[in-house]
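Report on the following structure.
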Amino acid sequence: MSAARLLAVGVIFCCTAVAWFTLGASVVSRTGQSDQRLAQEVAQLWGGRHQQVAPTVSVERPREVVEDVQEKDAAGRVVTRRVTRRVAERTPLTLEGSQVEVDLSLDHRRKGLLWYDTYSVRFQATYRARNPDAVARPLVVQLAFPSTQALYDDFAFTLDGAPAPPGADLSHGIVARTEVGPGGEAVVELRYRSRGLGEWLYAFAPEGVAQARAFALSMKTDFRDIDFPPGTLSPSARTPLGRGWKLDWRFDNLVTGQRIGMDPPNRLNPGPLASRITFFAPVSLLFFFTVVLVVGVLRGQSLHPMNYFFLAAAFFAFHLLLAYLVDHVDIHVAFLIASAASIFLVVSYLRLVAGPRFALLHAGLAQLVYLVLFSYAFFFEGYTGLTVTVGAVLTLFVLMQITAKVDWGMIFARRPAPPA
């Protein structure tokens, strides 16, 4: 192996790395351009993001308002007249109690190169509101829907047992009112089944800091991998329940600006995974070239730079196949097909160049480790870096041991044999 050949191999490696970065950028572009459009399509077909806000309750109190009204008299002169009229002033109240039950059933949906966290939700809640005055007052309850891009089956919203009349425009929610005696309570019941996308959230108020008395929320999931979005409260208790969890939030007198939420587990997305594997490809090829070069030196059978060019092309074929197969088949099937095709290209080629033993035992094994296993480590988030680090350290140890007595001066001074 001469310095000129080594330089040529370096140029081949750099050109292949540029090709990989171009391929990875195209996968990122395809994923990013379709994400916003496909997410909107999923929301329209299945349901949008849910944030259920607790109903707001207000008490109506009469109040006299004095106003100056300008009008014209019989002579056409503008005169000012003081008018007194009665208006109903609404004062917000704090709910005296909340009993909420939520069932979440995960059902992922795939569009293009992405999986979306879609779920079915069953919501049922009972709220209590108290008239704080010593006389009978009207209580006004207003409910906002968690999403305008969703359906609500088996929907029921009652106030003291009476169904709330639907308004003309349900996008602004439903408003109900009832007369409550001195110090009396009104009971609000809400029930529906719906479908949502992404995080499920429950807010104590539309915005700002809110107070909740005698609050209890019980959530059941059919999935074990649970996570809580930032800015949400952790449950007071959690109990395993079948394939999922039973989570409870209980507070006696809570004042907070945070919410309660659940982030369903993400399914492995083919697009982002294929792009990460593609951007990592130069590292795999560097390890492979190093092992093949060192083994060739030890065997006295150095490969020509053109041989390295075809090996780099076989590596690139793996990522090219993976990038476009994930559009049509499962990511694991795409990975298996791409791996088998790339290994077949390398082994069948080197069998003719350097013999079956070198092709299978050295090159094939190295490709299995540095291309297939290193790439498959991306399927396990959080362990990719550790896997690559351990593989790099072990590779360094083995190469240092087997080349400790090699005279590199003689190796690079040796002139290449003339072609046959």
Side-chain angles (χ1 to χ4, degrees), residues 50-65 85-103 121-146 152 154-167 170 172-192 194 200-219 232-237 247-261:
H50 276 218
Q51 176 175 280
Q52 179 63 64
V53 182
T56 58
V57 182
S58 304
V59 58
E60 283 190 351
R61 297 187 177 100
R63 184 168 66 92
E64 290 188 350
V65 178
R85 61 186 181 91
R86 294 174 65 87
V87 297
E89 185 179 59
R90 292 183 181 180
T91 303
L93 299 177
T94 299
L95 292 170
E96 295 298 322
S98 303
Q99 296 288 330
V100 183
E101 295 181 2
V102 183
D103 287 353
V121 55
R122 185 184 66 83
F123 186 88
Q124 185 170 355
T126 301
Y127 302 96
R128 293 183 294 107
R130 183 185 300 277
N131 175 14
D133 295 347
V135 296
R137 298 287 192 199
L139 293 188
V140 180
V141 181
Q142 185 169 3
L143 171 71
F145 288 99
Y152 301 95
D154 191 26
F155 179 81
F157 178 55
T158 61
L159 179 57
D160 278 343
L170 293 180
H172 299 295
I174 299 178
V175 179
R177 56 187 298 137
T178 186
E179 190 81 12
V180 181
E185 284 190 348
V187 178
V188 181
E189 294 183 335
L190 174 62
R191 181 186 74 241
Y192 62 80
S194 185
W200 184 90
L201 297 171
Y202 181 89
F204 299 98
E207 58 183 5
V209 178
Q211 183 179 14
R213 300 192 184 111
F215 179 86
L217 187 149
S218 178
M219 179 186 294
T232 58
L233 301 169
S234 298
S236 307
L247 308 171
D248 294 292
W249 287 262
R250 298 184 181 276
F251 307 102
D252 295 328
N253 189 10
L254 176 69
V255 178
T256 183
Q258 293 183 299
R259 299 168 295 178
I260 292 174

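Computation of the quantities below employed the complete heavy-atom set of this structure, encompassing side-chain atoms and omitting hydrogens, waters and symmetry-equivalent molecules.
- Taking the side chain as every heavy atom from C-beta outward, Val188 and Thr158 never approach each other to under 4.5 Å.
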Kindly determine whether Val209 and Thr256 satisfy side-chain contact (heavy atoms from CB on, under 4.5 Å), including the steps that lead there.
-> CA-CA 5 Å; Val209 178; Thr256 183; 5.7 Å; no
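- Using a 4.0 Å cut-off between charged nitrogen and carboxylate oxygen, Arg213 and Asp252 do not count as a salt-bridge pair.
- The backbone N or O of Ala186 sits nowhere less than 3.5 Å from a side-chain atom of Asp160 that would complete a donor-acceptor pair.
- Put simply, the side chain of Tyr202 does not reach to within 4.5 Å of the side chain of Thr232, judged on heavy atoms.
- With contacts defined as side-chain heavy-atom distances shorter than 4.5 Å, the pair Phe204/Leu95 does not qualify.
- Of all the heavy atoms in Val57 and Ala129, the pair that sits closest is CG1-CB, 3.7 Å.
- Between Glu96 and Arg128 there is no salt bridge, since none of the side-chain N atoms of the basic residue sits less than 4.0 Å from a carboxylate O of the acidic one.
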Would Leu190 and Phe123 satisfy side-chain contact (heavy atoms from CB on, under 4.5 Å), going step by step from the backbone distance to the final call?
-> CA-CA 8 Å; Leu190 174 62; Phe123 186 88; 3.6 Å; yes
So Gln142 and Ile174, side-chain contact (heavy atoms from CB on, under 4.5 Å) or not? Walk me through it.
-> CA-CA 6 Å; Gln142 185 169 3; Ile174 299 178; over 6 Å; no
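- With a 4.5 Å cut-off on side-chain heavy atoms, Val141 and Thr56 do not count as touching.
- Nearest heavy atom pair, residue Val59 against residue Arg137, reads CG2-CB, 3.6 Å.
- In this structure, Tyr192 and Tyr152 have perpendicular ring planes: the angle between them is above 60°, well past the 30° mark.
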Would you please test Asn253 and Phe215 for side-chain contact (heavy atoms from CB on, under 4.5 Å) and show each step?
-> CA-CA 8 Å; Asn253 189 10; Phe215 179 86; over 6 Å; no
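- A salt bridge between Glu89 and Arg61 is absent, with no side-chain N of the basic residue lying under 4.0 Å from a carboxylate O of the acidic one.
- At a threshold of 4.5 Å between non-hydrogen side-chain atoms, the residues Phe157 and Arg191 do not count as touching.
- For the pair Gln52/Leu143, a side-chain contact is recorded, criterion being any heavy-atom separation below 4.5 Å from C-beta on.
- The closest donor-acceptor contact from the side chain of Asn131 to the backbone of Val180 lies under 3.5 Å.
- Summarising the geometry of Gln211 relative to Val255, their closest heavy-atom pair is CG-CG2, 3.9 Å, with the distance given to 0.1 Å.
- The minimum heavy-atom distance between Pro206 and Val53, with the atom names listed, is N-CG1, 3.5 Å.
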Evaluation steps, salt bridge (charged side-chain N to carboxylate O under 4.0 Å, His left out), between Glu60 and Arg177 | CA-CA 10 Å; Glu60 283 190 351; Arg177 56 187 298 137; 2.6 Å; yes
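- Rounding to the nearest 0.5 angstrom, the gap separating the CG atom in Asp248 from the OG atom in Ser236 is 7.5 Å.
- Distance check, rounded to the nearest 0.5 Å: CG of Leu217 to OG of Ser98 gives 9.0 Å.
- The shortest non-hydrogen separation linking Ser194 to His50 is OG-CE1, 3.1 Å.
- By the 4.5 Å heavy-atom criterion applied to side chains, Ser58 and Thr91 are not counted as neighbours.
- Annotation for Leu139 and Arg130: closest pair CD1-C, 4.4 Å, computed over non-hydrogen atoms.
- With hydrogens and angles ignored, the 3.5 Å screen pairs no side-chain donor or acceptor of Trp249 with any backbone N or O of Ile260.
- In this structure, Glu101 and Asp103 have side chains that are not in contact, with every pair of non-hydrogen atoms separated by 4.5 Å or more.
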